[in-house]
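Presented below is the structure to which this report refers.
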Amino acid sequence: MDELALINAAQNDDLDAFNRLILAHQELAFNVACRILVNPDAAEDAVQESFISAYNSLSSFRGGSFKAWLLRVVTNKCYDELRRQKRRPETELNPIIDDSGDEIESPTWLEDDAPSPEEHSEQALLAEAIEECISRLPENFRIVAVMIDVQDFEYQEVAKAIGKPLGTVKSRLARARHKLRDCLAHFRELWDSEFRLEDEVSV
Amino acid sequence: MKWKRTTRHWTELSAYLDGQLAPKKAARLQQRLSRDAALQAEYEDLLRTRAMLRSLPKRRVPRNFTLTPDMVRAPRRQKPGFFVPVLRFSSSAAALMLMLTFAFELIGGAPLMTQTAQDAAPAMEMILENAPAETAADEGPMILVWGKQTVPGLGGEMATEMEGLGGGPQGDIPLADAAPEMETMVMEEAAPAIAEAPMPAAAEKEIARAMPSDEAEGAPLEEAAVAEKAYTAGSEDSVILGIPPEEEQGQIQQTAPPIPAPLPERREGMPSLRWLQVGLGTFALGAMLVSFLIPRKRYS
């Protein structure tokens with residue numbers, strides 16, 4: 001059954017048809033949410049809620065790219081989550097006091113659960129560095145950069161997904177790339193030989 | 001043209017990278033890239049950045065996000081039903097009627113009050129005219145009580161303050177005993193009023209005759225009564241007169257008529273309107289509160 005038939009069936013309250021659409025797009029949706037929210041747990045919740053919202057508002061789909069429509073629902077949910085995180089940050093900023101009443105010198109919120117650099121391969125470290133640079137971008141730039149450069153979306157699809165004109169998408173992407181380039185320059189030692197070689201050739 | 005690092009140029013370079021630049025602009029930029037080494041370096045930086053971003057490994061989904069019927073069952077809000085709209089409408093209607101009653105009271109109620117007072121005066125006059133005159137003659141001079149119980153015709157307003165000098169209960173002090181003190185009151189207290197009031201020449205003569213105070217002490221009551229009569233003679237139409245002239249006695253000596261019946265009836269209309277207003281206000285407030293409380297209970 002093709003995508004259009006599945007959509008029509010789902011619009012007629014066929015949940016199985018909609019679940020088949022979910023299976024086709026869930027990896028993409030999860031990756032987008034994961035890059036935008038920089039938190040896999042939050043991304044998981046956001047994707048699940050997005051699919052529920054999408055099913056309940058499936059009647060508002062008027063044709064066109066279902067992937068772009070679905071990603072719009074996902075990005076909107078991610079925006080909501082980011083706003084919620086800003087309103088109520090979950091990180092405990094107060095110092096931890098132990099039983100004796102003394103402030104713990106190295107509180108848990110300063111601990112880094114990530115493995116040490118030695119435990120990572122170069123590739124993993126580079127991926128971590130890239131994700132770190134992405135997470136430092138402003139939200140609007142981050143979404144565009146993730147969708148176009150990481151997920152390889154078309155400009156028009158992104159414009160539909162975020163509800164902005166094409167010019168805005170181009171401008172945001174250019175500024176996001178500019179910031180990412182500056183950020184990644186700090187991790188030059190982690191670049192693959194491929195990137196380094198290109199760098200050397202270009203110089 | 002030299003490459004300037006502006007947002008517009010960065011946008012063009014980024015769009016060129018993705019093949020999203022218009023053909024004319026793309027051709028122009030391509031020529032510039034071949035001539036400008038710095039611009040070429042910037043372009044390759046962007047290429048590398050994009051390549052690194054695209055090299056990010058895809059994350060595997062931790063689980064399937066398929067939906068179950070329970071998950072998609074939309075929480076349907078219960079409709080308020082019939083009772084709440086009726087309550088809200090009733091509350092609004094009661095409030096409107098309350099405002100109408102206030103408006104009626106302001107616009108229509110005021111003339112009603114005036115009319116009541118105006119109607120009462122002719123009614124009183126008519127009753128006075130029809131009252132039997134013979135009953136008046138049997139009961140002595142009329143006493144106009146001015147707020148307090150006084151000796152008839154001798155105390156007036158100052159009666160209570162000068163108890164024993166004319167204001168005490170009737171019969172407490174013999175008139176003959178009270179006469180000297182009464183004369184003192186007349187001379188001292190009433191003098192300013194006398195001076196201000198226009199007084200006929202005859203009255204002045206009477207007063208002048210009665211004034212020799214040395215002899216007036218202990219003077220008989222008749223002399224004081226003459227002075228009092230002279231003082232009041234110039235204003236026969238005044239209702240404050242204590243003792244009317246001889247010829248007029250008995251004319252207004254009538255028993256006080258009962259309060260006209262229509263007066264209390266008309267005044268009963270206003271309290272009933274007030275009760276209506278209180279009732280409407282209470283109902284409007286109560287219905288509004290109930291209509292707001294009912295949905296919250298249902299949805300909670």
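In what follows, chains are A, B, ... by sequence order, proteins preceding strands, each numbered from 1.
A pairwise comparison of heavy atoms in Tyr155(A) and Ala15(B) identifies OH-CA, 4.0 Å as the closest pair. Heavy-atom minimum distance, Leu67(B) versus Ile52(A): CD2-CG1, 3.7 Å.
When heavy atoms are compared at a cutoff of 4.5 Å, Gln156(A) approaches chain B solely by way of its side chain, counted from C-beta outward. With a 4.5 angstrom heavy-atom cutoff, Leu180(A) touches chain B via backbone and side-chain atoms both. Contacts of Phe51(A) with chain B are made by both backbone and side-chain atoms, with heavy-atom separations under 4.5 Å. Contact of Leu15(A) with chain B is made through the side chain alone, with heavy-atom distances under 4.5 Å. For chain B, the nearby part of Arg35(A) is the side chain; its heavy atoms alone come within less than 4.5 Å. The parts of Arg63(B) that come within reach of chain A are both its backbone and its side chain, each placing non-hydrogen atoms under 4.5 angstrom from that chain.
No other option in Asp18(B), Leu46(B), Thr68(B) has as many heavy-atom pairs under 4.5 Å with chain A as Asp18(B). Of the listed residues (Ile130(A), Leu184(A), Leu166(A), Ile134(A)), the one with the most heavy-atom contacts under 4.5 Å to chain B is Ile130(A).
To the nearest 0.5 Å, the span separating CD on Gln151(A) from CG on Leu53(B) amounts to 11.0 Å. For the atom pair CD (Glu131(A)) and CG (Leu56(B)), the distance works out to 5.5 Å, reported to the nearest 0.5 Å. For the atom pair Glu27(A) CD and Phe65(B) CZ, the distance stands at 10.5 Å (nearest 0.5 Å). Put simply, CD on Gln48(A) and OG1 on Thr66(B) are 7.5 Å apart, with the number rounded to the nearest 0.5 Å.
For the pair Lys170(A) (side chain) and Gln20(B) (backbone), a donor-acceptor distance under 3.5 Å is present. Side chain of Asp149(A) to main chain of Arg50(B): no donor-acceptor pair is present (N/O by atom type, distance under 3.5 Å, no hydrogens or angles).
Residue Met288(B) qualifies as enclosed at atom CE: its count of foreign heavy atoms under 6.0 Å is above 12. Counting non-hydrogen atoms of neighbouring residues, nucleotides and ligands closer than 6.0 angstrom, the NZ atom of Lys164(A) reaches no more than 12 such neighbours.
Each of His178(A), Arg175(A), Arg177(A) was evaluated against Ser14(B); a single residue qualifies, Arg177(A), per the side-chain hydrogen bond (donor to acceptor under 3.5 Å, both in side chains) test.
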